Engineer: 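A single structure is presented below for examination.
All chains are named by letter (A, B, ...) in the order of the sequence lines, taking the proteins before the strands, and each is independently numbered beginning at 1. Keep in mind that this is a model prediction, so the values were computed, not measured.
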Amino acid sequence: MRIATWNVNSLRARADRVEAWLDRSDVDVLAIQETKCKDENFPWDLFERLGYDVAHFGVSQWNGVAIASRVGLEDVERTFEGQPTFGKEEADAVQESRAIAATCGGVRVWSLYVPNGRDRNDPHMQYKIDWLGVLKDQAASWLATDPDAQVALVGDWNVAPRDEDVWDIDLFEREQATHVSAPERAAFHAFEEAGFADVVRPYTPGPGVYTYWDYKQLRFPRREGMRIDFVLASPALAARVTGASIDRQERKGKGASDHAPVVVELA
DNA sequence: ATGTCGCCCATTGGGCGA
């Protein structure tokens, strides 16, 4: 079985590329982030044509997460328990479409689009830290209930957990950039402490290996990227992993997403 | 270079988010 995660940065703008990739990648499950559409604008036909069931959660032009599967799509859940809300004013805080789950071929898959943070001192950063904290507590509780649970927490984590996960850590520190701060890294590592493992890095070691390259400033041709898209697996699922890859090719050419797909192979 | 994208509302540009 093959499971993939991909921040497509608008599904409608990239429908042809996503369909072509899905057709040739031979994945059984694809978790998608940043569909950037509401359910009523979602391209359901694209997945139907290729034989995938799909569930989507999108409430505005922002965020949007989906799971496509050809090995079953059961017990779909939109948002996790206690998922924090966000709004510029407290009065308009809403539940954003950043998390959707489904059981696919016996694996509980969560497609996650972690809040960006925007700036180390922006309220969005506290939202990001809280969001990750509540999700971690939930994920830990699932393992406490069933230590043998096969759970995949996949998506755009918007955290670069190690210095080698950005092209120039000195620059990021000078600029007090997001994604590399101590609280963000601690929030990410808490998942590892709870028993979840990054199952991709062992097969795609750095430095210089990334999943995202900004559109600006020729970041991709300059090989200046960030590793921020991860598949974190519970112990029972991690034990099944036989390989993983980052499809850097898909970042090339006109009309590419700024993120590459990440694929995990299971025995 | 504040260097690129994609969305929306609106209307050939501005605002927002990443």
Side-chain angles (χ1 to χ4, degrees), chain A residues 5-21 31-43 46 56-66 84-99 111-132 154-161 165-168 171-172 174-181 184 187-188 210-230 248 250-262:
Chain A
T5 183
W6 189 10
N7 179 324
V8 299
N9 183 19
S10 174
L11 187 49
R12 286 172 293 167
R14 239 167 291 294
D16 291 349
R17 274 188 89 124
V18 171
E19 181 163 359
W21 188 85
I32 301 170
Q33 300 85 39
E34 276 208 272
T35 61
K36 286 188 172 174
C37 66
K38 299 178 183 178
D39 287 350
E40 59 253 45
N41 299 323
F42 188 84
L46 184 162
H56 177 245
F57 178 35
V59 297
S60 72
Q61 74 267 43
W62 306 119
N63 317 305
V65 283
T85 59
F86 184 77
K88 280 198 169 173
E89 308 294 333
E90 283 193 28
D92 45 51
V94 296
Q95 192 64 261
E96 297 186 307
S97 44
R98 294 180 176 275
S111 180
L112 305 166
Y113 180 45
V114 176
N116 174 284
R118 296 180 184 168
D119 183 275
R120 290 191 187 190
N121 299 313
D122 192 287
H124 209 257
M125 179 58 74
Q126 193 56 51
Y127 170 50
K128 177 181 194 172
I129 300 299
D130 292 345
W131 200 95
L132 285 167
V154 315
D156 177 356
W157 291 73
N158 269 319
V159 177
D165 296 335
V166 297
W167 76 91
D168 184 349
L171 174 67
F172 275 66
R174 272 202 306 282
E175 294 184 340
Q176 290 289 289
T178 59
H179 295 60
V180 297
S181 73
E184 291 167 275
F188 183 88
Y210 309 118
T211 64
Y212 162 85
W213 299 260
D214 201 309
Y215 288 124
K216 290 179 279 192
Q217 297 175 278
L218 298 172
R219 292 298 184 208
F220 184 66
R222 289 179 176 170
R223 297 182 175 266
E224 296 173 343
M226 303 168 71
R227 190 198 291 257
I228 55 175
D229 300 271
F230 296 97
R248 190 178 179 280
E250 181 54 37
R251 180 62 180 79
K252 295 181 179 177
K254 193 171 162 58
S257 168
D258 42 2
H259 294 253
V262 177

Engineer: Measure the distance from CZ on Arg222(A) to P on dA1(B) and round it to the nearest whole Å.
Structural biologist: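 Going from CZ in Arg222(A) over to P in dA1(B) covers 12 Å.
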
Engineer: If the P atom of dG14(B) is compared with that of dG3(B), how far apart are they to the nearest Å?
Structural biologist: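 One P to the other, the span is 15 Å.
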
Engineer: State whether a side-chain donor-acceptor pair under 3.5 Å links Asn9(A) with Lys36(A).
Structural biologist: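 Checked: Asn9(A)/Lys36(A) side chains pair up, N/O donor to acceptor below 3.5 Å.
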
Engineer: Could you go over nucleotides 16-18 of chain B and give all protein N or O partners under 3.5 Å, atom names and distances?
Structural biologist:
unit_1	atom_1	unit_2	atom_2	d
dG17(B)	OP2	Lys88(A)	NZ	3.1
dA18(B)	OP2	Arg118(A)	NE	2.6
dA18(B)	OP2	Arg118(A)	NH2	3.3

Engineer: My understanding is that only residues two or more places apart in sequence, or in another chain, count here; which of them pass salt bridge (Lys or Arg N to Asp or Glu O under 4.0 Å) with Glu224(A)?
Structural biologist: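 Counting only residues at least two positions away or on another chain, Glu224(A) forms a salt bridge (Lys or Arg N to Asp or Glu O under 4.0 Å) with Arg219(A).
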
Engineer: Which residues pass the side-chain contact (heavy atoms from CB on, under 4.5 Å) test with Leu218(A), not counting sequence neighbours?
Structural biologist: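 Once residues adjacent in sequence are excluded, the partners of Leu218(A) under the side-chain contact (heavy atoms from CB on, under 4.5 Å) criterion are Pro221(A), Arg222(A).
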
Engineer: For the P atoms, the ones on dC7(B) and on dA1(B), what distance do you get once it is rounded to whole angstrom?
Structural biologist: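 dC7(B) and dA1(B) have their P atoms separated by 31 Å.
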
Engineer: Tell me whether the OP1 or OP2 atom of dC8(B) has a side-chain N or O from Arg12(A) closer than 4.0 Å.
Structural biologist: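 Checking Arg12(A) against dC8(B): at least one side-chain N or O falls below 4.0 Å of OP1 or OP2.
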
Engineer: If I pick the C1' atom on dA10(B) and the same atom on dT4(B), what distance separates them, to the nearest angstrom?
Structural biologist: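 Looking at atom C1' only, dT4(B) and dA10(B) are 22 Å apart.
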
Engineer: Mind calculating the distance between CD (Gln61(A)) and P (dG15(B)) to the nearest angstrom?
Structural biologist: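 Between P of dG15(B) and CD of Gln61(A): 16 Å.
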
Engineer: Among dC8(B), dG3(B), dC5(B), find the nucleotide with the atom closest to the side chain of Arg14(A).
Structural biologist: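 The listed nucleotide nearest to Arg14(A)'s side chain is dC5(B).
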
Engineer: For Arg248(A), which residues count as a salt bridge (Lys or Arg N to Asp or Glu O under 4.0 Å) partner, sequence neighbours excluded?
Structural biologist: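 Residues passing salt bridge (Lys or Arg N to Asp or Glu O under 4.0 Å) with Arg248(A): none at all.
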
Engineer: With Glu34(A), which residues qualify under salt bridge (Lys or Arg N to Asp or Glu O under 4.0 Å), at least two apart?
Structural biologist: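 Per chain and number, Glu34(A) pairs via salt bridge (Lys or Arg N to Asp or Glu O under 4.0 Å) with no residue.
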
Engineer: Checking Arg14(A) now: which residues fulfil salt bridge (Lys or Arg N to Asp or Glu O under 4.0 Å) with it, not counting sequence neighbours?
Structural biologist: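 If we apply the salt bridge (Lys or Arg N to Asp or Glu O under 4.0 Å) test to Arg14(A), skipping adjacent residues, there are no hits.
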
Engineer: Closest nucleotide of DNA chain B for Gly255(A) versus for Leu218(A): which of these residues is on the 5' side?
Structural biologist: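 Counting from the 5' end, the first nearest nucleotide belongs to Leu218(A).
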
